[in-house]
Amino acid sequence: MEDPSSSSSSFFSKSKQRVFQSTQMSLLFLFFFFTNFKPIDSATLLTPTPFDNFESVYDQHCSHIVPRNPSLSHRFDPSISSSSPSPFRLGYFRGGAPFLNQNPDSDYYGSTGYKSQSINFYPFNSVKTLTGDVYQFQANLNLRDTSVNTTRRRGLRLVRFRGPKSAIRRRLRFSLSGYWSESSRKLCMVGSGSAVFSGNQNSLSVVLKLDYPINANNIYNSLIIGSLESLDGSFEQISLMGFYQEQDLSYEYKLVGKEKNGCEEGIGESLSLENQDKCFVLNAIDPRFKFYCNGDDCDVLGKSLGFVPTHMFYHKTRCSTNETKWQMLLSFSNSTVDSPRFSFTPKSSFIAEGEWNAKDNRFCGFGCRVMNFTESFANAYVGDCTVGFNLRFPASFSLRNRSSVVGEIWNTTSIAKKIEFRSFDEDLLGVLGYQYKYSNEIDSETFGRTCGKKNMVKGRKGKAYPVEYSSDMRFDMSIRNRKGQVGWGYSTPFYVENQLYRPNQFYRVPTNSQQVMQTPKSSQSSLMNISYRMSLTFPTDFKLGGEGFSSNMEISAEGTYDRDTGVLCMRGCRNLASKTQNAVTNHTLDCEFTVFVQFSPLKANSGKNIKGSIESRRKKSDPFYFESLELSSNSLYSGQAAASIWRMDLEITLVLISNTLTCVLVGLQLFHIKSHPNVVPFISIVMLVLLTMGNMIPLLLNFEAMFVAKRSQQNVFLGSGGWLEVNEVIVRIVTMVAFLLQLRLLQLTWSSRQETESKKTLWNTETKVLYITLPIYIGGAFIAWLINHFKNSYGISSQHRHKFYVVSPIHRDRHVHSLWEDLKSYAGLALDGFLLPQILFNVFSNSGEMALSPLFYTGTTLVRLMPHAYDLYRAHAYASYLDLSYIYASHKMDLYSTAWNIVIPFGGLLLALVIFLQQKFGGRCILPKRFRHNNSSSVYEKVPVVIGNDDL
């Protein structure tokens, strides 16, 4: 096992290696850039925009701000970078009707969505004029305004919000050219661009005016103020505010030292970052913090936001070289949805400074608000630095504390108590080396007696169960209450003993227990201390009982796991949700319930690998009591998944072999009729149509599957979908070849009937075959419909019909029978008996011709029957973990069961034997003697049929 320090050093070494590689790529790019650089003509720089009258337009709108000086002292000089206006990405804007949102402050965050703005201003091509402090620049300006409405859904793997269900995006893009005064710190530019809104694009001409702070070396001079105006009046003036983020070594931290007031009063032991890159750690923290307070107690900003904040976001903007001082932006919201990027909003954002307090091992800082931001932002400034905060990294985790970063925030002008905020960042766990402290209760007599009863069940000893560090310990699960309602969730170990659970990095099969665990207990006993993280999601109508329950439940649990019996016994804690409107989740824990999980043996031949329960230990009269919940999971063990993937590879190979053999066998039949052209008319067209349709339908189904979102679900299960797609293409190609060969055989037979003098008699015989087989096929389809109707209406209760056995992205309810699937299975049965029309044709025509090649009909029969033999083997050799793995001998394409797998091969071989006898002794040899010479029967005269080589 790797200790945290080694993991941390490895993490940083990899990071430095990536930085070094990025630096190399950047230097290489600059080398090619400058070695291939050609001087730009000054005349081109004077009019880089689409304006033909750039000079007159600039003089009209910008000459009073920065006078234009057309004379240039030299051509483009990339070394002039210190004189350029600073680019910026963090900003805010107002106005811009009708292209931009006119009320961006209202409901900026919400429970079902968010609104965000972004500014990207990038100046380039600096050219010095004859006036010493005036430079000409080009620039790109992008304004983006996004409104997203969505419902947040927690994934089974605790994934983040992936994307919106609906979004309105407004975007303005401009290419600009103008002049910058270094002394006045003003920039004026004119140019053109486009506005994109609701799919429409409009061409615009604009003038941009920006005022940069003169002394931008402290927090109070951090704002860039400006405006964007339309030259033709196509939109209202846009007021701009940008955040100045130039990395100036002379920057002075004005608030450092002030934050010590109240910072040292924090509670709890914290990690020391003595040997860590503090700037890197700050940048690596999950930027979303959740408040733990109640109602108005959370209003640290004094009701100035118009809402009570529930979350805080931060964005690091500056960090000193000595890694102790930093600057960041803070933003407050009441949203449960993560915006994809930090949005600088004057109303709810703070500019903060702070310093690492080595004595108390915490970051301490103070934040300042943006004041007086009227409609034009002209008088906006940074002030009101009355919000203090600190954040630290707890030295250890426990049952009641699972936060990797905790902190407090307060207002120095208010007597309100400090507000606690927390976040969990999994990326920091291995880097900072957190420890885990188990509570004394798991060693108590009561807890041991309760878990001991679970371990004493007979029949569990002597079997192999999942190892505590393996990936088999994490699982999806379904949750059922006593009313049959179903929720779902995901569980993963957190710490095993005092070692962070990371199966992909740490797990390996040990030669002895001491190699895995560092504690003496693990080398003597199979009973391990373990902690878990569980995430549960319930439908809105799910009945849990009690008060304070929400649709989502986060559970922290710790207890013991016995690898000899597969029993996981834990005590759990959950946050009690507050139902008060505009209130934040109350940091009150309910730790009065237990979680029991029974893992099945690794080699179990059962589909349900995990069973268990969640039981409250409270009295029924307690408002937080809930009835016992049953949990179960069909999540595959890693060994089962590997076996299933191996089986899928085998089945894909069998499909390829089967389809290839079909092509070969049809080819042999084509060569047979080439050598014996006189037998072609005596091949049943009904049989050939049946075989041709049997090859065409899979092609149509595969074509349909290209438009159905099932392929991505398979890829989720397999982990890599590329190989399956390649194999599927090969299978389709081979199936297409078989279909074309069958179609050619059908065409030759049809043509031979047209050229035969006795064609009328042959067609009459074919009609009799159709009259007999068609009712059989239709009757069989009707019986399949009746069975489907019976199974869905009477064979399954409504409770079972809605029961989820597997909660995963690839789940499908195997208990609901589709009529279409049942009809496809019946069609497979009809194909298994493909020789029936030929037998009937031989009987009616009393033909003894060798119309079918023995290799063709026997080989095709074996190709059709081999899936049934394989299904018998598969039922005994493998467990049916997922229907997804049925590729060869798919239960959706034929009838498969122990009985059918015996009856169908017997019937197919019997039909092949009948064809052999008919072609040897005559078509009616299978009938009683008195029916073999019926005067009403048709006797056919052999007519020579010549099929040239070109016909094949």
Side-chain angles (χ1 to χ4, degrees), residues 85-110 113-124 139-150 160-164 166-176 187 189 191 193-199 201-202 204 206 208 210 212 222-228 235-246 283 287-288 311-318 327-333 335 337-351 370 373 377 380:
S86 174
F88 58 89
R89 287 179 173 270
L90 295 172
Y92 184 75
F93 51 85
R94 280 178 175 168
F99 300 119
L100 296 177
N101 181 22
Q102 296 309 294
N103 194 12
D105 289 338
S106 66
D107 193 23
Y108 192 78
Y109 293 101
Y114 62 85
K115 300 177 182 178
S116 66
Q117 291 184 344
S118 66
I119 300 178
N120 188 357
F121 176 72
Y122 179 72
F124 58 95
N140 292 326
L141 174 65
N142 294 330
L143 305 180
R144 185 187 298 269
D145 186 9
T146 304
S147 301
V148 175
N149 293 321
T150 183
R160 290 184 181 277
F161 170 71
R162 289 292 183 184
S166 61
I168 300 176
R169 294 182 176 89
R170 305 170 177 89
R171 185 172 62 240
L172 302 180
R173 293 180 175 178
F174 300 100
S175 296
L176 307 166
L187 175 70
M189 312 184 82
S194 61
V196 178
F197 175 63
S198 299
Q201 186 166 335
N202 303 272
L204 306 172
V206 296
L208 172 68
L210 294 177
Y212 280 76
S222 302
L223 301 179
I224 303 171
I225 307 301
S227 64
L228 184 69
F235 62 89
E236 295 181 358
Q237 175 179 312
I238 301 175
S239 299
L240 304 173
M241 177 189 295
F243 178 74
Y244 188 84
Q245 198 178 339
E246 190 72 22
N283 198 46
R288 186 173 186 264
H311 295 83
M312 181 179 73
F313 298 83
Y314 91 93
H315 177 77
K316 184 177 72 66
T317 58
R318 188 190 305 270
Q327 181 193 65
M328 64 171 60
L329 297 179
L330 304 177
S331 179
F332 299 90
S333 77
S335 173
V337 179
D338 296 346
S339 175
R341 65 181 69 189
F342 184 91
S343 187
F344 178 73
T345 310
K347 183 178 181 180
S348 59
S349 297
F350 281 65
I351 306 174
V370 178
F373 51 94
F377 302 147

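As the structure is a computational prediction, the values presented were derived from the model and not from experiment. Excluded from the calculations below are hydrogen atoms, water molecules and symmetry mates; all remaining heavy atoms, backbone and side chain alike, are included.
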Can you tell me how far [atom2] of [Y] sits from [atom1] of [X], rounded to the nearest 0.5 angstrom?
| X | Y | atom1 | atom2 | result |
| --- | --- | --- | --- | --- |
| L204 | S194 | CG | OG | 7.0 Å |
| K347 | S331 | NZ | OG | 12.0 Å |
| F88 | L141 | CZ | CG | 7.0 Å |
| R170 | Q117 | CZ | CD | 10.0 Å |
| L330 | S349 | CG | OG | 8.5 Å |
| N142 | F121 | CG | CZ | 11.0 Å |

For [X], side chain to side chain donor-acceptor pair (under 3.5 Å) partners two or more places apart:
| X | answer |
| --- | --- |
| S239 | none |
| S86 | E246 |
| Q245 | none |

Using the ring pair (Phe, Tyr, Trp, His ring centres under 6.0 Å) criterion, which residues pair with F174? Sequence neighbours excluded.
none
Partners passing ring pair (Phe, Tyr, Trp, His ring centres under 6.0 Å) against F235 (at least two apart in sequence or in another chain):
none
Determine, stepwise, if the pair T317 / L90 fulfils side chain to side chain contact (heavy atoms under 4.5 Å, CB included).
CA-CA 10 Å; T317 58; L90 295 172; 4.3 Å; yes
After noting the C-alpha distance and the side-chain angles of F93 and L172, does the key distance pass the side chain to side chain contact (heavy atoms under 4.5 Å, CB included) rule?
CA-CA 12 Å; F93 51 85; L172 302 180; over 6 Å; no
Residues forming a side chain to side chain contact (heavy atoms under 4.5 Å, CB included) with N283, sequence neighbours excluded:
K316
Considering residues at least two apart in sequence or located in another chain, which fulfil the side chain to side chain contact (heavy atoms under 4.5 Å, CB included) criterion with R171?
R144, R173, V196
Is any side-chain heavy atom of [X] closer than 4.5 Å to a side-chain heavy atom of [Y]?
| X | Y | answer |
| --- | --- | --- |
| N140 | S175 | yes |
| I238 | R94 | no |
| H315 | F243 | no |

CA sep, side-chain torsions, deciding dist, call: I225, L210, side chain to side chain contact (heavy atoms under 4.5 Å, CB included):
CA-CA 6 Å; I225 307 301; L210 294 177; over 6 Å; no
Between Y92 and F344, is the gap from one ring center to the other below 6.0 Å?
no
Using the benzene-type ring in the case of Trp, are the ring centres of F350 and F332 under 6.0 Å apart?
yes
CA sep, side-chain torsions, deciding dist, call: I119, R89, side chain to side chain contact (heavy atoms under 4.5 Å, CB included)
CA-CA 5 Å; I119 300 178; R89 287 179 173 270; over 6 Å; no
Identify the two heavy atoms, one from S222 and one from I351, that lie closest to each other, and give their separation to 0.1 Å.
CB-CD1, 4.1 Å
